[in-house]
Amino acid sequence: MQTRLVTATAWAATLVATLASLPAQAATPARPPDAEHGWVTSTLRHMSLEQKVGQLFATYVYGGDAVDPSAPDRAANLAAFGVETPAEVIERYHLGGVCYFSWSHNLDSPRQIATLSNGLQRAALGDGAKGRVPLLISTDQEQGAVVRMPSPAAQFPGSMALGAGRSAQAAWTAAEVTGRELRAVGIRQPYAPIADVNVNPGNPVIGVRSFGADPTLVADLTAAQVTGFQDRAGVTAAAKHFPGHGDTATDSHTGLPVINHSRAEWDRIDAPPFRRAIRAGVDTIMTAHIVVPALDPSGDPATLSPTILTGVLRGELGFRGVIVTDALNMAGVRAKYGDERVPVLALKAGADQLLMPPNLALARDAVLRAVATGELTERRIDESVRRILGVKYRQGLARSPLVDVEKAVRTVGAPEHLAAVTRVTDPTLTAVRNDAGVLPLPHADRSVLITGWDSAAFAPVATVAAGFTARGARATARAATLPSDATIAATASQAAEHDLTVVLVNKAWDTAVTDPRATQQRLVAALLGTGKPVVVVAVRDPYDIAYLPGVTTYLATYSYTRAAMDALVRALHGELSPSGRLPVTIPTAEGAGSVLYPYGHGLSW
């Protein structure tokens, strides 16, 4: 069937309509309500300095149970924190927050997560003595490429997929459902949405985590997710990474990126999503470990810059909520100063919540020492603690810090949530190229090889193969994530014996970090060399096609969730008409401003 290009006018009209249907956005309140103000003031009055400083820190703890973790997790806690159990970590450091990860063994099942959250809250509250404060529990549940909650949690596509769908309503729904599931298990602070505008196709750390390359689109969807998280789900949104991480060529986990936007470019490109998030009432904004000379010529990362955090974010943009640092164990914030100076400088810059210092005891003691020497005042500490306590009050933690475990089991992965995943995912799939008219495929008794990049968590290769089998094909699944030369040769030989090959690629463009030997590029070239039809599917960054010469059939799913792979199979067979449009421009491999596929491009059938 003949393909057609979906016009920018159509998606613009849809975006305007969906934005109009959202609830009115409220500005960040200048003064909290009397009840909140009273609780915060009373609680702060009864806190010791050590308790106040503890409130500033949020970090990981090892183990799936607050008081009875496994032996390896006990050993890990002892090495990192000097005590064996998560509950003891909370009590020793008077922590204000905990961040859950799979690698720290916090996330297994809804029942386990909810039980852990309750155990940690009981440890934080202790015997109910004055000055004891409930925790703000967080995790990075961005969806798409960054997912912490395991199955059966609703797995929505990530930000760039939502950008391809162009629906503020869909972004709102994804945030609402995600937030409801997080709140059910005791997590009140998802570190989302991503407000970065990804204008650099070579960005190694943001990419599909961003809604796209257009500041207006990113601002609209950021605001939609803030309202979905906060107004509908009742969790605290955290727009990140201020002042904008979208044009970096360095990963701040491993180095210190520099963004050379002029002040005018920053105002036009990077600032709009954060301005919209603030107008939507966002409670938290996360900093970026990046240098922006046009905003602060000192060379300090934004996390440690008073000019950027206090001058620009609070002064110019008027943000009154909690400023949380990105993780302080990342190389970007440790490049210039020692670990004992970073937390002090972050507070002096204007940050409130200090996330994951590499040495918690060292960081805590450094802040206490800074107060003792007068470098920081207790009044300054109180300012941040007031903001943090205000968020906790608005989250209902002062009244009801514990969750209903049985309700959590019923809520996470509820049928209506999974149905919402499908509704949100389907319109995001983007058909970029169909030159040979291979698509859509008929339901037929044909032999199909499904190969390429795979994930143990989501099993996209097997999922796609099962979809073909269900439609009458004889499908073979052969994962080839980063294939050796021998695997490439064997896979190509197998493809030559099939009628059709579908190959999944993931960041095939990134031959510096993700795939330094360009094995994915060589695999695709070998498959094309068989002369049999090849369908290439980018399951992460859409930019891969620029590095895959000869490809004539190409789709972008932006994520490899089961819902995304199911939508892919249906689109390949004509059961779903692709309607996603590129939320970024795809340049040629040579770059230098040459465009291969423009922003807004998308085919349908």
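Side-chain atoms of T178 and Q143 include a donor-acceptor pair closer than 3.5 Å. Side-chain contact check for S138 and Y191: at least one donor-acceptor pair (N or O, by modelled atom type) lies under 3.5 Å. Side chains of S252 and H245: a donor on one and an acceptor on the other come within 3.5 Å. For the 3.5 Å distance criterion, the side chains of T227 and D231 fail to qualify, holding no donor opposite an acceptor. Under the 3.5 Å distance criterion, with hydrogens and angles disregarded, no donor-acceptor pair is assigned to the side chains of Y560 and T463.
Without hydrogens or angle criteria, E176 side chain to W172 main chain gives no donor-acceptor distance under 3.5 Å. Under a 3.5 Å cut-off, the side chain of W605 and the backbone N or O of A571 do form a donor-acceptor pair. Side chain of K507 to backbone of P204: a donor-acceptor contact under 3.5 angstrom is found. Looking only at distances, a side-chain donor or acceptor of Q230 sits under 3.5 Å from a matching main-chain atom of G281. At least one donor-acceptor pair closer than 3.5 Å links the side chain of T430 to the backbone N or O of T428. At distances below 3.5 Å, at least one donor-acceptor pair connects side-chain atoms of D196 with backbone N or O atoms of H241. Of the possible polar contacts, one joining the S159 side chain to the R209 backbone as a donor-acceptor pair under 3.5 Å is found. The backbone N or O of R581 lies less than 3.5 Å from a partner atom in the side chain of R166, making a donor-acceptor pair. Checking side-chain atoms of S604 against main-chain N and O of S577 turns up no donor-acceptor pair under 3.5 Å. With D499 contributing its side chain and V448 its backbone, the two residues share no donor-acceptor pair below 3.5 Å.
We find that R423 and E416 are not joined by a salt bridge, their nearest charged nitrogen and carboxylate oxygen being 4.0 Å or further apart. One finds no salt bridge joining R478 and D454 here, because no Lys/Arg side-chain nitrogen approaches an Asp/Glu carboxylate oxygen to under 4.0 Å. Remark: R517 engages D485 in a salt bridge, criterion side-chain N to carboxylate O under 4.0 Å. Ionic pairing of R570 and D566 is present here: one or more N-O contacts between side-chain nitrogen and carboxylate oxygen are shorter than 4.0 angstrom.
Screening residues 462-474 for salt bridge (charged side-chain N to carboxylate O under 4.0 Å, His left out) gives D445-R474, R471-E575 as the qualifying pairs, with residues at least two apart or on separate chains.
Of the inter-residue distances, the one linking T425 atom OG1 with F156 atom CZ reads 7.5 Å to the nearest 0.5 angstrom. The distance from the CG atom of D515 to the CG atom of D510 is 8.5 Å, given to the nearest 0.5 Å. Going from atom CG of L107 over to atom CD of Q112 covers 7.0 Å, rounded to the nearest 0.5 Å.
Proximity of L429 to L555: side-chain heavy atoms (C-beta onward) are separated by under 4.5 Å at one or more points. Counting heavy atoms from C-beta outward, R433 and V551 have side chains that stay 4.5 Å or more apart. The side-chain heavy atoms of Y554 and V537, taken from C-beta on, include no pair separated by under 4.5 Å. Taking the side chain as every heavy atom from C-beta outward, L256 and I290 never approach each other to under 4.5 Å. Annotation: side chain of P460 is in contact with side chain of S455 (closest heavy-atom distance under 4.5 Å).
For Q521 against W509, the heavy-atom pair with the smallest separation is NE2-CA, 4.3 Å. Nearest heavy atoms, N506 versus V539: CB-CG2, 4.1 Å. Nearest heavy-atom pair across L162 and A171 is CD1-CA, 4.1 Å. When every heavy atom of V412 is checked against every heavy atom of A153, the shortest pair comes out as CG1-CA, 3.6 Å. In this structure, P272 and W266 approach most closely via the heavy-atom pair CD-O, 4.4 Å.
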Apply side chain to side chain contact (heavy atoms under 4.5 Å, CB included) to residues V503 and V534 and explain how you reach the verdict. CA-CA 7 Å; V503 56; V534 176; 3.9 Å; yes
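For the pair R275 and F242, the cation-pi criterion (under 6.0 Å, within 45° of the ring axis) is not fulfilled.
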